[in-house]
There are 2 protein chains.
Amino acid sequence: MIGMTQQVRRAPLTRDRVLRAAVTLADATGIDALSMRKLAQTLGVVPMALYKHVANKEELLDGMLDVLVGEIDPPAAAGDWRTAVRQRILSARQVLLHHPWASRVIESRTVPTPVVLAYMDSMIGMFRTGGLSVDLTHHVMHAMGSRILGFSQELFGAPPSAPPPDAEIARQMAGRYPYITEITTRVAHDEASVVGSGCDDQFEFEFSLDLLLDGIEGLRLRGWTPR
Amino acid sequence: MIGMTQQVRRAPLTRDRVLRAAVTLADATGIDALSMRKLAQTLGVVPMALYKHVANKEELLDGMLDVLVGEIDPPAAAGDWRTAVRQRILSARQVLLHHPWASRVIESRTVPTPVVLAYMDSMIGMFRTGGLSVDLTHHVMHAMGSRILGFSQELFGAPPSAPPPDAEIARQMAGRYPYITEITTRVAHDEASVVGSGCDDQFEFEFSLDLLLDGIEGLRLRGWTPR
DNA sequence: ACCTGAACACCGTTCAAGT
DNA sequence: ACCTGAACACCGTTCAAGT
């Protein structure tokens, strides 16, 4: 027993354990509350011990995204490109919905990791084997942008989640923002019994995705070429 | 002269002066280097003096975005909806290009300010007066998402800006990411004399924007209705 | 050689003391 | 009543001292 410390009991710290703990902590407390110090604490370790497995916090964030990309379903083996791409992006979206902090972290990355590059490569492959030219695939990848990772690219997370305004404030809103009011009252009426919050996020995501995929398929059918 | 301090010389601190100084500082040093303390320093003021004009840093960031939205051109008076929307979004994009930190700040906002609401309202108005139904306009606003503010929604800022890899690394890349390589070599060949860095960002942005606008105009012409 | 406590150079914001 | 210095509770990371 002599010389045996509490540490011996713990599973040895690995890069993978660090990254997974960071994902769990961000899920639980949000990305703003994720610090190297708090992460070390949840692992029962001194802060500096983390720096053996990640060079710095940037590399930690990169690694956390790699974990999430690993959760996205692999591409379906058979079927047309449109269905396969659609399926995979909807899978990516599910991952992002389970980790709401991910979109802001992705936004802050400057260089893709090998894991993200591999994901992008396989996504490009789905367009290419589907019959899109190299040039068209190139522009399509730009057009899809972060949607390829399941981003909804909404302007605000959930603006209509605010408590229902009283009549006086509603009247002011209608005067100042007539067009917004026109839409929100329509939505409130349509879905009063369905959803309390407002829009159907899944419908909106699929509407946007299909708008792009339909446009792309149209270009492919018309044999789009540069210039 | 007695009792006259250095402060008397300075223009009095206003909310507007605080916000504009913050924008200038973020432009010059990046958003990560923007702190309440450094901002106060550039204004020749003690940090706590800022809190008379903004409640906290969140409100400062909101206000900075309001300044940028104010730089976007107002909608063109005449013309079809497609041209007017296109023009205005390209104007918003120019603003974002001049303030590269803006996209990450927008991403971090949770509630739109009155200034942003007014911008969204006028954008919705452009679709409505162009002949889109309330329902279609609603979904279209979701589909446009942050692109309405000039976002490119690219996955990474400038991935091909890396120094040209040597032959050995290039061979490894080609083996690991064959589809990415297929595109990047094509781009490098096409634009070798035009652009050193890689893609033509303006072209890619307009390609994506037109893909969406064409799709939307198609739905309008076909008289799209829900369900 | 490895590990780690203390220290450094920062943060945003509170609050009590000064005018 | 207004203003502000010091303090509080944090950061990410460096580095020298300990084993």
Side-chain angles (χ1 to χ4, degrees), chain A residues 1-15 17-19 21-26 28-65 101 104-105 107-111, chain B residues 1-15 17-19 21-26 28-65 101 104-105 107-111:
Chain A
M1 285 306 189
I2 292 166
M4 209 180 212
T5 70
Q6 188 74 4
Q7 315 291 28
V8 177
R9 275 272 165 62
R10 302 208 157 277
L13 206 59
T14 62
R15 182 180 164 90
R17 241 166 61 80
V18 168
L19 297 182
V23 167
T24 304
L25 186 57
T29 66
I31 196 68
D32 286 332
L34 178 80
S35 68
M36 298 298 274
R37 293 164 121 106
K38 285 210 186 114
L39 176 58
Q41 202 178 309
T42 68
L43 286 162
V45 139
V46 88
M48 282 313 297
L50 300 175
Y51 286 81
K52 176 129 318 157
H53 301 98
V54 289
N56 48 40
K57 194 177 182 182
E58 295 291 291
E59 199 180 295
L60 177 80
L61 294 171
D62 275 335
M64 290 168 68
L65 292 181
W101 47 267
R104 258 177 67 196
V105 173
E107 189 76 22
S108 72
R109 298 307 77 205
T110 53
V111 172
Chain B
M1 285 304 188
I2 292 164
M4 210 181 212
T5 68
Q6 188 73 4
Q7 314 290 30
V8 176
R9 276 271 166 61
R10 303 209 157 276
L13 207 59
T14 62
R15 182 182 166 88
R17 243 167 58 79
V18 168
L19 297 182
V23 168
T24 304
L25 186 58
T29 66
I31 196 67
D32 287 331
L34 177 79
S35 68
M36 298 297 275
R37 293 165 122 107
K38 285 209 186 115
L39 175 58
Q41 202 177 311
T42 70
L43 285 162
V45 140
V46 86
M48 282 312 297
L50 300 175
Y51 287 81
K52 177 131 315 155
H53 301 97
V54 289
N56 47 42
K57 194 177 183 182
E58 295 291 289
E59 200 180 294
L60 177 79
L61 294 171
D62 275 335
M64 291 168 68
L65 292 181
W101 46 268
R104 259 178 65 197
V105 173
E107 189 76 23
S108 73
R109 298 308 75 206
T110 54
V111 172

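The model shown is predicted, which means the values in this text are computed figures rather than measured ones. Chain identifiers are assigned alphabetically (A, B, ...) following the order of the sequence lines, protein sequences preceding nucleic acid strands; residue numbering begins at 1 within each chain.
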* Dot-bracket encoding per residue of DNA chain D, Watson-Crick/G-U cut-off under 3.5 Å, | denoting interstrand -> ||.|||||...|||||.||
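Remark: the separation of the C1' atoms in dC3(C) and dC15(D) is 13 Å, to the nearest Å.
If you take CG on Leu34(B) and CE on Met64(B), they are separated by 5.0 Å, rounding to the nearest 0.5 Å.
Without hydrogens or angle criteria, Asp62(B) side chain to Leu65(B) main chain gives no donor-acceptor distance under 3.5 Å. The backbone N or O of Arg104(A) sits nowhere less than 3.5 Å from a side-chain atom of Arg104(B) that would complete a donor-acceptor pair. Of the possible donor and acceptor atoms, none in the side chain of His53(B) sits under 3.5 Å from a partner among the backbone N and O of Val18(B).
The side-chain heavy atoms of Leu60(A) and Leu39(A), taken from C-beta on, include a pair separated by under 4.5 Å. The side-chain heavy atoms of Met36(B) and Val54(B), taken from C-beta on, include a pair separated by under 4.5 Å. Contact of the Lys38(B) side chain with the Thr42(B) side chain is not registered, since no non-hydrogen atoms from C-beta on lie closer than 4.5 Å. Put simply, the side chain of Val23(A) reaches to within 4.5 Å of the side chain of Trp101(A), judged on heavy atoms.
Contact check, Lys52(A) against dC2(C): no side-chain N or O comes under 4.0 Å of OP1 or OP2.
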* Could you encode protein contacts along nucleotides 8-19 of chain D as a string, one character per nucleotide from 5' to 3', using B for base contact, S for sugar-phosphate-only contact and - for no contact, with a heavy-atom cut-off of under 4.0 Å? => ---BBBBB----
